[in-house]
Amino acid sequence: MNKNFKDFAKGKPVQEDATGGYCIIYNRVSSKEQLDGQSLETQMEKCEQYAGKLGMTITEKFGGTFESAKSDRERKEFNRMLDFLKKSKKPIKAVIVYSTSRFSRTGSTTIIEEVEKRGAQVRSATSGYDPKTAQGKFIQNMELATARLDNDIKRATTIDNSISALRKGRWIAKAPRGYDQKTTKKEQTITINDEGKKIKQAFEWKANQNLTNEEIRVKLQAMGFIICKQKLSELLKNPFYCGYMSHNFLNGEVIKGNHPAIVSEDVFFKANGMLNKSHSNGYEVKMDKPDVPLLGTIKCPHCGRNMTAAISTKMKKKYDRDIYYYVCWNKGCKQNNSAKIVHESYVDILSGYGLPDDLTDLLEMQMKKTFAYLNQDSAEQASSMKSKLTKIENNIKQVEDNWALATDQRQADICKRKLKELDNEKELIESELQKVENVSLNLPKYIEYGIEMKNNLLNIWQLAELGEKKKIQNLVYPDGIVFNKKIGLIEPLSVNKFIALKANKTNLYDINNKRTISQIDQLSLNVPEAGLEPAQP
Amino acid sequence: MQEYENIRLKREDVIKFAQYANLNEKDLESLIEIILQYSVITYKAYNKFNTSIVYE
């Protein structure tokens with residue numbers, strides 16, 4: 001054939017025999033154990049011998065570490081090898097592997113095709129097939145498929161073992177925050193660590209005080225437990241913390257685990273019951289808006305369902321601020337009440353209620369117990385916050401020193417930014433610490449305050465944070481309240497029978513919540529002896 | 001108030017007072033609960049009240 005025709009020919013010319021030329025070696029092991037067991041050394045030796053047999057020169061070796069072949073794309077060394085094939089100036093004729101299963105276990109031939117696109121063949125040192133022949137290719141494909149099958153069988157066995165372990169109460173993944181875990185093949189030990197105590201506190205805040213997730217997040221942060229709002233929400237929904245396990249392998253079942261519970265089932269359900277309460281009648285009722293604290297307490301007078309809150313866009317445009325309304329979205333109800341008017345009426349009626357005087361002895365008895373318990377809790381929190389504060393102050397000092405020694409603007413900017421972050425964190429902890437330390441007060445004054453304030457639930461309500469406000473609402477009006485638009489007044493659906501209606505509520509109506517105890521002393525607390533008769537609103 | 005279970009007043013403590021001796025079980029439970037809740041809420045309110053005085 002005239003040599004000039006070469007330029008017009010189609011198809012690739014038949015390559016010469018694989019003997020001679022350049023090759024690379026790729027090896028891997030799938031676990032650290034195999035790495036320690038010198039499996040790699042054995043593989044490499046075999047591959048080198050095979051390259052020598054083919055008369056090929058090894059230009060580079062890849063692998064030498066453990067990486068899984070379950071996903072071809074996630075292997076670093078594997079990708080480095082593909083990259084080398086693409087960029088190599090020397091024509092690489094073969095990628096020598098110990099066995100085809102070392103190359104890929106996905107069963108896919110795509111990855112081999114990629115190597116071939118780069119002009120090389122994958123050759124197995126243990127099989128010795130020639131992948132350029134139909135028979136060789138068949139064997140190669142069979143080995144790939146077998147590797148995949150082997151993997152699938154192993155996976156199925158692992159899943160079965162995992163399910164069996166889960167059913168025996170053994171956790172098969174990393175234990176969540178709040179736990180320390182020691183797992184060996186024979187046994188597993190999961191213990192509650194220091195973070196676990198803070199998580200317990202978070203559950204209790206949610207369950208008992210109905211704090212919002214944001215309020216809990218801030219309190220935790222002040223105690224040195226950093227978590228974002230979304231993760232906190234996930235944490236509070238994780239049954240692991242009350243001793244149960246939920247896992248995809250369990251197909252919808254929740255099983256009791258062997259690990260210790262951080263909170264009781266009751267606290268867990270209560271905390272989550274409150275989360276669920278935020279969804280009512282298909283609408284999301286925002287329970288955590290300080291501007292509308294009556295959410296959850298105020299019911300629609302028409303259908304009896306919880307009312308929700310809405311902001312009037314028209315009024316927002318007009319006054320450039322959020323104007324809230326309590327609304328019922330239920331078809332046909334058409335309930336829409338200005339939050340301002342509702343609150344005025346609420347303050348009016350709440351100012352009329354208090355605890356009757358004949359409860360004083362019981363109250364005093366209970367308050368002594370409560371004080372002893374909560375004061376201890378506050379002392380622990382304060383200690384944790386103080387320790388965190390010391391750490392931050394040390395960090396601030398360190399950053400200030402670094403700033404002073406900064407040699408360029410970039411370093412100075414980094415120090416400045418870090419310092420601002422630390423200052424903010426310090427401010428937050430100091431503010432929370434102040435709150436906690438103020439709780440560590442003396443018992444007689446607390447009792448004095450409690451007895452005085454029993455006649456003034458309104459003042460307590462005004463001082464309380466959102467979660468506590470809701471508690472007071474539930475305490476006084478267990479079935480909730482409705483707003484009668486015609487007369488512009490709140491009407492309780494029921495009032496706790498141990499709450500007394502004061503004869504002359506106007507005495508306390510305009511009380512200022514910043515008043516001192518001595519000032520409160522001067523007020524006339526005219527509460528009738530309601531005794532055990534149901535109080536009438 | 002599961003958290004405060006160990007500080008809740010005992011039934012025996014309450015019925016020592018003559019005026020509560022004849023309460024039925026349901027009312028007794030309700031009374032103990034309201035006393036407990038009030039004491040906890042007041043404790044927190046007192047904390048806030050004192051904080052406001054400190055900063056005023």
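Convention: sequence-line order gives letters A, B, ...; per-chain numbering from 1.
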Tell me, for A:Ile472 versus chain B, whether the close heavy atoms (under 4.5 Å) come from the side chain, the backbone, both or neither. both
Side chains of B:Tyr46 and A:Lys445, heavy atoms from C-beta outward: is any pair under 4.5 Å? yes
With sequence neighbours left out, what residues match A:Glu265 under side chain to side chain donor-acceptor pair (under 3.5 Å)? A:Tyr244
Close side-chain approach of B:Tyr20 to A:Asp358, heavy-atom, < 4.5 Å: yes
Here the gap from A:Lys471 atom NZ to B:Lys44 atom NZ, rounded to the nearest 0.5 Å, amounts to 7.5 Å
Does CG belonging to B:Asn22 count more than 12 external heavy atoms closer than 6.0 Å? no
Compare every heavy atom of A:Ile460 with every heavy atom of B:Ile41, then report the nearest pair and how far apart it is. CG2-CG2, 3.5 Å
Under a 4.5 Å cut-off applied to non-hydrogen side-chain atoms, are B:Ile7 and A:Leu374 in contact? no
Do you know the tightest heavy-atom contact between B:Tyr38 and A:Gly450? OH-O, 2.7 Å
Hey, could you give me the CG/CG distance between B:Leu36 and A:Leu362, rounded to the nearest 0.5 Å? 12.0 Å
First locate atom CD1 of B:Ile35, then atom CD of A:Gln366, and finally report the distance between them rounded to the nearest 0.5 Å. 7.5 Å
Minimum heavy-atom separation for A:Tyr446 to B:Thr42, with atom names? CE1-C, 4.1 Å
Is any side-chain heavy atom of B:Tyr4 less than 4.5 Å from a side-chain heavy atom of A:Thr370? no
Side-chain heavy atoms of B:Ile34 within contact of A:Ile499, under 4.5 Å: yes
Between CG of B:Asp13 and CE of A:Met365, what distance do you get to the nearest 0.5 Å? 5.5 Å
Could you tell me if the side chain of A:Tyr373 sits less than 4.5 Å from the side chain of B:Ser39, heavy atoms only? no
If you count the non-hydrogen atoms of other residues, nucleotides and ligands that lie under 6.0 Å from NZ in A:Lys200, is the total more than 12? no
